[in-house]
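Structure record follows, encoded as structure tokens.
Below, chain A is the first sequence line, B the second, and so on; all start at residue 1. Atom set for the values below is all heavy atoms of this structure, side chains included, hydrogens, waters and symmetry mates excluded.
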Amino acid sequence: MSAVAARIRPDQNPQAVTDHPAQATITMSAVNKWYGKMHVLRDIDLRVNKGEHLVLCGPSGSGKSTLIRCINALEEIQSGTIEVNGNVLGRKGAKVDHIRRDVGMVFQQFNLFPHLTVLQNCMLAPRRIHRATEAEARDKAMHFLEQVHIAEHGHKYPAQLSGGQQQRVAIARALCMGPQVMLFDEPTSALDPEMVKEVLDTMIGLADQGITMICVTHEMGFARAVAHRVIFMDRGEIIESAPPSEFFGAPKHERTRAFLGQILNH
Amino acid sequence: MIRTFGLPEIQFILEGAKWTILMSLAAFIFGGALGLLVALARTSAIRPLRVAAACYIQIFQGTPLLVQLFAVYFGLPLLGVNVELWLAVVTGLALHASGFLGEIWRGSIEAVPRGQTEAARALGLGYFARIRDVVLPQALRISLPATVGFMVNLVKGTAVAALLGLTEMTRSAQLMSNITFEPLKVYASVGLFYFIICLPLTLCSARLEKRLNAQG
């Protein structure tokens with residue numbers, strides 16, 4: 001365990017603790033990952049409490065996307081453990097699909113199913129996994145499509161929608177499975193600037209409902225508005241973790257200051 | 001006595017055409033089913049399965065159809081299975097088709113963007129649902145031109161069965177040519193019949209492609 005990571009304990013986060021008793025939804029301990037010889041995650045220790053909103057930032061290649069992709073086992077880890085809602089990943093016979101059902105994910109490239117309509121995109125997983133009836137799945141899909149303000153496009157195919165609309169559908173699709181945790185992997189990076197706001201507003205709305213969120217993003221306004229903690233990663237390590245006021249107001253680490261200087265002053 | 005090439009002769013050839021169509025259909029259905037398994041094995045996460053499927057594909061792509069048909073026709077009795085000629089031919093054609101379709105579909109499955117499977121996995125969908133609901137519908141669309149191209153080849157490939165003595169369309173034509181001494185007329189008609197059989201395939205595929213593309 002690196003010295004830096006060891007300092008980072010969610011119980012140091014007053015905001016999250018007062019809102020929610022320290023009940024960890026996700027616990028990563030001593031997680032290491034290599035791509036071949038490249039060490040992309042180094043001794044990651046991270047606890048995320050129920051209802052906590054985390055923003056992960058850092059230069060490209062710092063491992064932040066890889067980190068959240070490990071949480072729902074889209075990436076394998078070589079050592080350490082990840083526990084999600086009491087299910088431990090990284091052990092033989094881990095019920096990966098069970099973990100994935102508790103964890104919703106939104107991708108940079110939306111990844112909607114192009115051969116299915118918006119409604120069908122949202123109904124597929126509940127139909128197949130929860131064995132929901134057509135009507136149940138449809139009701140649920142409509143509920144979440146309304147929440148992201150896109151219900152009127154339910155019959156359309158993804159290619160007929162704008163990027164912002166597609167990303168909102170992707171959020172609704174993930175919500176249809178009733179996840180306890182939502183992971184966002186640079187959800188606004190592939191969007192035209194005028195569409196960023198509609199997606200961020202949707203995410204802020206979601207945050208207000210108290211769902212646990214981990215979000216990889218460079219939208220620092222979003223981080224200030226909803227994050228309980230902002231985490232800075234560099235070269236596969238967690239360098240700094242602090243509530244936004246502290247993180248932006250008085251970053252402790254030199255690399256954090258350099259990074260913030262680069263993305264905030266342009 | 002030399003007969004003229006008239007209606008009865010054409011009817012005889014059309015009898016043969018029935019065989020051509022039936023054989024093609026059977027080969028496509030059974031070869032398609034087997035080919036799907038081959039494609040899934042070839043794209044599987046399990047290495048031995050991938051290797052086995054690769055060998056299978058290599059064997060059927062690397063040897064002539066005629067040799068494959070002979071191997072099945074003369075090979076099955078060696079294994080103690082005595083089958084009728086037509087069954088041996090259909091088996092051979094189906095195996096041949098499974099190798100080629102397996103490779104075509106492997107390519108299409110791999111051409112479906114990675115993000116699609118990832119999104120399906122992230123939703124918690126298991127392998128079966130990922131393949132059936134997410135990957136295959138998209139792979140089908142990608143593979144359509146190549147699949148239809150292969151089907152057309154398969155229809156024409158059934159002509160090889162004539163060399164084993166099965167009276168399909170080409171063999172019927174040989175017989176008619178022998179008794180009428182009008183090879184040009186006979187083979188021209190047969191060529192036309194093959195064309196007529198293959199045309200709807202191509203037309204259907206063009207229409208299907210258009211419809212699938214409309215989905216964006």
Looking only at heavy atoms, what is the nearest atom pair of [X] and [Y], with distance?
X      : Y      : answer
A:D97  : B:L125 : OD1-O, 4.2 Å
B:A119 : A:F113 : CB-CE2, 4.1 Å
B:E118 : A:R69  : OE2-NH2, 2.6 Å

Counting only heavy atoms from other residues, nucleotides and ligands, does the tally under 6.0 Å from CD of A:E152 exceed 12?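 Yes, enclosed.
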A:E76 atom CD: more than 12 heavy-atom contacts under 6.0 Å: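 For A:E76, atom CD is not crowded (no more than 12 foreign heavy atoms under 6.0 Å).
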Using non-hydrogen atoms and a limit below 4.5 Å, what part of residues 97-117 of chain B faces chain A?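 So far as heavy atoms go, B:R114, B:G115, B:Q116 are the residues that approach chain A to under 4.5 Å.
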So which residues of residues 63-82 of chain B are in contact with chain A at a heavy-atom cut-off of under 4.5 Å?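 Not one residue of residues 63-82 of chain B has a heavy atom under 4.5 Å from chain A.
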Inter-chain contacts: residues 127-139 of chain A against chain B, heavy atoms under 4.5 Å: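 Listed by number, the contacting residues are A:R128, A:I129.
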Residues of residues 170-180 of chain A within contact distance of chain B, non-hydrogen under 4.5 Å: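 If one takes a 4.5 Å heavy-atom cut-off, the residues of residues 170-180 of chain A near chain B are A:R173, A:A174, A:M177.
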Counting distance only, does the side-chain N/O of A:H115 pair as donor-acceptor with the main-chain N or O of B:D133 below 3.5 Å?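 Side chain of A:H115 to backbone of B:D133, a donor-acceptor pair under 3.5 Å: yes, one is there.
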Give the member of A:N72, A:L112, A:V106 that has the highest number of heavy-atom pairs under 4.5 Å with chain B.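 Most pairs with chain B among the choices: A:L112.
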What is the distance from atom CE of A:M105 to atom CG of B:L123, rounded to the nearest 0.5 Å?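 Rounded to the nearest 0.5 Å, the CE-CG separation comes out at 11.0 Å.
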Drop me the distance from B:Q138's CD to A:L116's CG, to the nearest 0.5 angstrom.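 Here the interatomic distance stands at 8.0 Å.
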